[in-house]
Each structure stands twice: as C-alpha cells, then as structure tokens.
Undergrad: 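Before we start, here is the structure in question, set down as structure tokens.
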Amino acid sequence: MLTSRPRGTADIVPPDTARWQWLESLARDVCRVYGYFEIRTPTFEHSELFHRGVGDTSDIVEKETYTFEDRGKRSLTLRPEGTASVVRAYLENGLHNRPQPVKLYYLSLPIFRYEKPQAGRLREHHQFGVEALGSDDPHLDAEVIALSLDFVRRAGLTQLDLRLNSIGCPACRPRYREVLVEYYRGHTGEMCADCRRRLERNPLRLLDCKTDRALAAAAPRSLDFLCEACRAHFDGLKAALEELGIGYTVDPTLVRGLDYYTRTVFEFTHGALGAQNALFGGGRYDGLAETLGGPRVPGVGFGLGMERLLGALAGEGRLPEAETGVTAFVIAADGARARALPLVQRLRAAGVAADMDFLDRSFRAQFKAAARYPAHFAVILGEAELAAGAAAVKDLERGVQETVPLDDLAEYLRRRAPRSGPQAGA
RNA sequence: GUGGGUGUAGCUCAGUGGUUAGAGCGCCAGGUUGUGGCCCUGGAGGCCGGGGGUUCGAGUCCCCUCACUCACCCCA
C-alpha cells in the first residue's frame, strides 16, 4: 500500500503540531535566557564521523545506523544522535576562535536509529539538545542540567528523577577498566551472552546490563577510581547542583550508551513513560573533538526526546489543549459571495486570523461552520450591510452582534482578538 | 534481534462459521425569508491489514506475511 508510512516513523498532524510549536517556542525562550544559540547541521554525515565519534562498539553504531552509499560511492549515515555533528561543525566552522564557551542548541532535530519500534521508541524521532563547548568547568555541567530542568518544568512536568555519575577520564579510566574486567572475569558463569561479549569490547557497558543487576550493584565503582582532577570535577558539580537546589541521585551503574562520554553522565527518567522511561540524558565529552582530529575541546550537553516529553506530559495530564481556532469567519449571503475573499484578505493583511467558507455552503451552514471552527467572531456580509459599507459582527461566545464599518473592521477585531492556546500560553 | 497481545468506517469499538458487516463520535447535507453551538432527519465513508488454506459458505477457523502494541536488549 502506498498510503502507509515506513515502520517506526510518525506523522505529526494538526492539532498536534500546535503542541510541538508550543514546546519549540518554550525551548527557544529558555535557550535565549541561558545564552544558547541555535545550530543546524546536516541530516546525514560521513559514516566515519559516527564510527569514530560515537564509537564502533556502541549499540547505536554497531547495529542501529541507517547507512547508505551515495552515487559517488561515499558512505553516509543518517545521524543517530546530535552531538558528533555539532562538534564537527564547531571545528569545521572555526567556532573555537569565538569567545568560549560556545553554547549551542538544536531543536526538533530528526534522529534516525534502526530500532524495533514500540511505545516511546521510533526509528525517526526528534531531539532538543544543547552543547556547551570550550570549558570543563563543572558549573557548566550544572548549567546544562539546570537549563534542561527549567525547560521541562516550564512545559509542566513535575515527576522527574535525575541520576548522576562520573565515569572518569583517559587518565583514570584505564585502571578502573582493568579492575572492572577482573571483577567480571570472576563471574563469567553468572553473566548473559551479551555481557560475555561486552567484557572484552566495552566493559563499562556491563554495568548497564539489566539482567544481572546484583552483579552490577556489587561491581567496583568508577567513583572509587577517579583521578584527582575528575574527583574535584565531580565534587564541584555536586556542590553546584546543591547550590541551585537541584536534587539528584548518584547511580554508580549509570554509564550510558555512547562511547565519547568522560566524567559527567546523567539521565532523567519519568514515571509515566513505562519501559522506555529515559526522557533525556547527556554528559561530558572532553575527548570527542580530539577523536575527530581537532584540538582538545571539552564539552557538555544533553539530548531530549520530544516525543517522549509529549508522552510524559500526557501521562501527567498536562498536555495543553491545542488551539486551532480563528478570530474571524466571514459569512457571505448569496449576493455577497464574491466580496468574501477580498474582505478576508484585507483582515489578514491587518494581522487578523480570518477564514471563510470554501464549500459553497448555505448561509445557515456557514454559521455552523464558523461555530465549529471555532471562530470567535462571525463577520456577516450581506447586501444590506454592503450597501452601508459595513458588516455585522457577531461575538459567537457572547452572542452579541453589532454593525461595524468595513474600514474599522480590522481594528475592531484586532482589539478584541483573544490570545490563547499553547503558543500564547508559553 | 527474541517473546507475548492486537489488527473491522477518519477515531473508539460491537459483530455463535450462515442473507446486503453495525453503533457512538466525527464529516457532509437538510430541518423554507439572513444567524451558530444543543436537538431531529438523511447521506457519504469498509478489498473486515495483505496473501494462502479448510469449508457448500470465512470478518469469524488454520498457516504465512505486514503493521501496531507490550516486555526483553538498549536508548531519547
């Protein structure tokens, strides 16, 4: 069938689009007050960017990328996450020559992963994220977390849970890694097949295994092996969060699925999301720019799933009503139909949301259409009114009607145009 | 990738193997002169997800497939 969308994709249609626009304007406003500016990067990149940046051994790159060869035999990949592209763009556009840190955000960015779809998991979803590049100050980690919290709280969420961990840096992680491997070697009999494979390739991910929670809970903790600098950074972050009154739980088993993370990793979960309960997550990636062949550029950021945020809001019963109404609906009597569109255009030119009937409806049916639109005002155009150079304007909520000269109509409506709905409520 | 559940109108769902497949909501029209929502009447809209099989006969039973969904893995 040609009328079905690809597996794991979703159409976003009115009135849902109004809710997206509401979230987007909210995100833009939060970013504005935090001093973050928008960046837009390509939908696809050289496959190598994700292999090197995100990591060959991550699940995302190992088995979830949409990779294809173009007609020039280049291997390209639809982006499976946002950070690698932003860091690439930072380097490529010489943003390291601008005042540091450079604070960027992306919004409703399509993300592609070849997943088995289920509720809260799609093959194409959209992320809002920020990346702050050029500083390793733990206050910046705290700011990023504060920004994300501000955003979701302003959107209306209340039931949030922040988990936090530090996984060290190239100075201290190797030793921790050895100790961890040694620990798990002693328990291979109790491990699942996936974990035995992970033991050699990506031992930190062992902590992520959901089947052997007891093993992970008893495993050596990265926090106990942090070098002095990483320890100080983590303490600094915790102190900054406490200063801001942001509650958190330290979770030593939190490691996250992308290989580029250093030091800080965090994840917000939400109770209403079910099994896919990660609403957003992020961390620090001080080595990523070098991995891509650039200078050392520390950075920290997060990615938030917009679909999941909408799901969490719905779960809390806090999704706003989507406004699809219009200010004025012009109703034309039989002798005045030709005058309707010009009048509608005149109102629109004055900034008044206006519409009319396009189904050649009867006068009565036009009124019904206006009421069900819903429109706040019916602007009645009849021969009598036209002869007087006026229109009858009926307030459909209050039921009162008065005659307004056509020349005053736009101003009359503009003064009374109600502002409501998700966009205006932001 | 593994396992369970479900696919009937735009939406939410009825429908013992037996005529021409239904309801509510939504949509369109009408309810007489130029006044809406409520109400009343009528209408449009279905390859019953797709394919194969069993049967005199399949929306209903069986197999395959696709999609959705829940769990696992992992993530946003």
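Chain A is the first sequence line, chain B the second, and so forth, proteins listed ahead of strands; every chain is numbered from 1. This is a predicted model, so every value here is computed, not measured.
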Undergrad: For A:Glu383, which contact category applies under a 4.0 Å heavy-atom criterion: base, sugar-phosphate, or nothing?
TA: base
Undergrad: Out of B:rG34, B:rC74, B:rC68, which nucleotide sits closest to the side chain of A:Arg205?
TA: B:rC74
Undergrad: Heavy atoms under 4.0 Å, any strand shown: does A:Glu81 hit a base, just sugar-phosphate, or nothing?
TA: nothing
Undergrad: I'd like a table of atom pairs between the protein and nucleotides 31-33 of chain B - only N or O on both sides, under 3.5 Å - with the distance next to each one.
TA:
{"residue": "B:rG31", "atom": "N7", "partner": "A:Arg364", "partner atom": "NH2", "Å": "2.8"}
{"residue": "B:rG31", "atom": "O6", "partner": "A:Arg364", "partner atom": "NH2", "Å": "2.8"}
{"residue": "B:rG31", "atom": "O6", "partner": "A:Lys368", "partner atom": "NZ", "Å": "3.0"}

Undergrad: Can you tell me which residue among A:Glu307, A:Arg308, A:Glu24 is in a side-chain hydrogen bond (donor to acceptor under 3.5 Å, both in side chains) with A:His126?
TA: A:Glu307
Undergrad: Just to be sure I understand the rule, does A:Leu279 reach a base, reach only the sugar-phosphate, or reach nothing, if contact means heavy atoms closer than 4.0 Å?
TA: sugar-phosphate
Undergrad: Would you say the base of B:rG34 and the side-chain of A:Glu385 have a donor-acceptor pair closer than 3.5 Å?
TA: yes
Undergrad: Give one of base, sugar-phosphate or nothing for A:Gly282, where a contact means two heavy atoms less than 4.0 Å apart.
TA: nothing
Undergrad: Measure distances between side-chain N and O atoms of A:Gln366 and base N and O atoms of B:rU35, and say whether any donor-acceptor pair falls under 3.5 Å.
TA: no
Undergrad: Tabulated below should be each protein N or O lying under 3.5 Å from an N or O of nucleotides 24-28 of chain B; please produce it.
TA:
{"residue": "B:rC27", "atom": "OP2", "partner": "A:Arg372", "partner atom": "NH1", "Å": "3.3"}
{"residue": "B:rC27", "atom": "OP2", "partner": "A:Arg372", "partner atom": "NH2", "Å": "2.7"}
{"residue": "B:rC28", "atom": "OP1", "partner": "A:Arg361", "partner atom": "NH1", "Å": "3.1"}

Undergrad: Is there any protein nitrogen or oxygen under 3.5 Å from a nitrogen or oxygen in nucleotides 1-8 of chain B, and what are the pairs?
TA:
{"residue": "B:rU2", "atom": "O4", "partner": "A:Lys116", "partner atom": "NZ", "Å": "3.0"}
{"residue": "B:rG3", "atom": "O6", "partner": "A:Lys116", "partner atom": "NZ", "Å": "3.4"}

Undergrad: Do other residues, nucleotides or ligands put more than 12 heavy atoms under 6.0 Å from A:Arg7 CZ?
TA: yes
Undergrad: Looking at B:rC66, I'd like to know if its phosphate oxygens (OP1 or OP2) sit under 4.0 Å from a side-chain N or O belonging to A:Arg7.
TA: no
Undergrad: Which part of the nucleic acid does A:Gly129 contact within heavy-atom distance under 4.0 Å: base, sugar-phosphate only, or nothing?
TA: nothing
Undergrad: How is A:Gly382 classified with respect to the nucleic acid when contacts are heavy atoms under 4.0 Å: base, sugar-phosphate, or nothing?
TA: base
Undergrad: Below 6.0 angstrom between ring centroids: does that apply to A:Phe128 and A:Phe302?
TA: yes
Undergrad: Applying a 4.0 Å non-hydrogen cut-off, can you work out what A:Ile380 is touching in the nucleic acid: base, sugar-phosphate, or nothing?
TA: base
Undergrad: Which part of the nucleic acid, if any, lies within contact of A:Asn277, taking any heavy atom under 4.0 Å across all strands shown: a base, the sugar-phosphate backbone alone, or nothing?
TA: base
Undergrad: Would you say the side chain of A:Arg308 and the base of B:rC75 hold a donor-acceptor pair, judged only by whether the two atoms sit under 3.5 Å apart?
TA: yes
Undergrad: Could you check whether A:Ala119 gets within reach of a base, just the sugar-phosphate, or nothing at all, counting any heavy atom under 4.0 Å?
TA: sugar-phosphate
Undergrad: Which of the following nucleotides, B:rC75, B:rU69, B:rG34, is nearest to the side chain of A:Ile60?
TA: B:rC75
Undergrad: Between B:rA76, B:rA67, B:rG36, which one does the side chain of A:His125 approach most closely?
TA: B:rA76
Undergrad: Measuring from the side chain of A:Arg256 (C-beta onward, heavy atoms only), which nucleotide among B:rC75, B:rG34, B:rA76 has the closest atom?
TA: B:rA76
Undergrad: Looking at every strand, decide which applies to A:Leu122 at a 4.0 Å heavy-atom threshold: base, sugar-phosphate, or nothing.
TA: base
